[in-house]
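Shown next, in structure tokens, is the structure this report addresses.
Please read all numbers here as calculations on a predicted model, not as lab measurements. Just so it is clear, the values below take in all heavy atoms, side chains as well, and ignore hydrogens, waters and symmetry mates. In each ligand, atom 1 is the first atom listed, and ligand 1 is the first ligand listed.
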Amino acid sequence: MSILVVGSIALDTVETPHGKVKDALGGSALYFSAVASLFNPVNMVGVVGADFNLQSIDFLKKRSVNLDGLEQMGGETFRWGGRYHEDINLRDTLFTELNVFQDFRPTIPEHYQNDAFIFLANIDPELQLEVLAQLKKPRLVVLDTMNFWISGKPEALNRLISKIDVLIVNNEEIQQLTGKANIFAGAEELLQRGPQAIVIKKGEHGAVLNDPNGYFLAPAFPVSRVVDPTGAGDSFAGGFLGYLSTCPEINHEQLRKAVVYGSVAASFTVEDFSLNRLERLSKSDIDERVENYRNMICF
Ligand code: AMP
């Protein structure tokens, strides 16, 4: 069962208390695909500029990520810069250069249009709406976004939220989206807007699932050396939707397990800069950590 992702492919410049990388591989679609492809084949749609070295993502092809939907345009690749504080949960965006994304119109190749599991990764919500309109029979549509679009394109984002199944946000985003300081009140309000489930990522404090069956609270897998949290959210989504794509039926129990797979996937990403840890990650690494996790939360 293939998974479709449309999102950013980036060259990131990131500074954390553990060091700095410049023009390193990043972007929501890459982090997501690196994880989700450990569960099922992934079809990726995105754009890079003429300056992007396509060989740098060869490892994804080996993991059955289909890149037919990856366009290379003249101009520069999307670039993002961020700096993390000593408290690594806090980050400042230093710059967002849309570059080729400015003129990008996502075209979903015909052989992707019947995909059932869809991740609308963090890009312009107007583009995310265009993607949805091209899909024939999505079974589960998961949406991610970020503060840049919540403030920049609120109307498109609101339209989108009413059309999707699962919304993944962090605590700042939920407050920005709903105006509610209390994340649980925010989640309950968002559920009224159409999605079947809301997932709130709380960094080192774990994740919360809210759906009509109630709440599920998942602690983060303990990582004692967080080198670079960039992409943790997209890797979370990769584990979350990757796991769900293996389930014959999607219900509250499966959503709970998916949150655990998401949390575990994110715990690997943060152990190194960029996609470095994910390049070396295997499905059995994930399964082993899920088992450890189970032992840690059992009482
Ligand atoms: P996360 O840490 O999960 O929020 O994801 C960070 C990734 O999102 C980085 O690799 C960035 O390249 C990418 N990113 C940052 N800002 C944007 C944006 N406005 N649109 C799309 N992708 C972005």
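- Interface of G233 with ligand 1, defined as ligand atoms under 4.0 Å from a residue heavy atom, comprises 3 (O).
- Atom numbering of ligand 1 starts at 1 in the shown order; those under 4.0 Å from a heavy atom of R91 are 1 (P), 2 (O), 4 (O).
- Not close to ligand 1: F101, with no non-hydrogen atom less than 4.0 angstrom away.
- Per-residue contacts place G231 under 4.0 angstrom from the following atoms of ligand 1 (heavy atoms of the residue considered): 1 (P), 2 (O), 3 (O), 5 (O), 6 (C).
- Using modelled atom types and a 3.5 Å distance limit, the side chains of N89 and E204 yield a donor-acceptor pair.
- Side-chain atoms of D115 and N43 form a donor-acceptor pair, as typed in the model, at a separation below 3.5 Å.
- Nearest to atom 11 (C) of ligand 1 by heavy-atom distance, out of T13, L275, D12, T145, is D12.
- Counting only N and O atoms by type, the side chains of N40 and S245 include a donor and acceptor under 3.5 Å apart.
- Below 4.0 Å from some heavy atom of S8 lie the following atoms of ligand 1, by number and element: 13 (C), 21 (C), 22 (N), 23 (C).
- For atom 16 (N) of ligand 1, the nearest non-hydrogen atom of the protein is M146 SD, 3.1 Å.
- Closest heavy-atom approach to atom 19 (N) of ligand 1 among the candidates W80, F32, F148: F148.
- When the options L30, V270, D234 are ranked by their closest heavy atom to atom 3 (O) of ligand 1, first place goes to D234.
- Under a 4.0 Å criterion applied to the non-hydrogen atoms of W149, ligand 1 contributes the atoms 18 (C), 19 (N), 20 (N).
- The aromatic rings of F78 and F101 sit perpendicular, their planes meeting at an angle over 60°, well past the 30° parallel limit.
- Close contacts of ligand 1 with T230, meaning ligand atoms under 4.0 Å from a residue heavy atom, involve 2 (O), 6 (C), 9 (C), 10 (O).
- Judged by distance alone, the side chain of S162 and the main-chain N or O of G194 form no donor-acceptor pair under 3.5 Å.
- Atoms of ligand 1 lying under 4.0 Å from any heavy atom of G27, numbered from 1 in the order shown and given with element: 9 (C), 10 (O), 12 (O).
- Among protein heavy atoms, the minimum distance from atom 23 (C) of ligand 1 is reached at N122 ND2, 3.4 Å.
- Within 6.0 Å of atom NZ in K20, 12 or fewer heavy atoms from other residues, nucleotides or ligands are found, so the atom counts as exposed in its surroundings.
- Counting only N and O atoms by type, the side chains of T77 and D51 include a donor and acceptor under 3.5 Å apart.
- Y84 and T230 share a side-chain donor-acceptor pair at under 3.5 Å.
- Close approach of ligand 1 to Y31 is summarised as follows: ligand atoms under 4.0 Å from at least one heavy atom of the residue are 10 (O).
- No more than 12 heavy atoms of other residues, nucleotides or ligands sit less than 6.0 Å from atom CD of E172.
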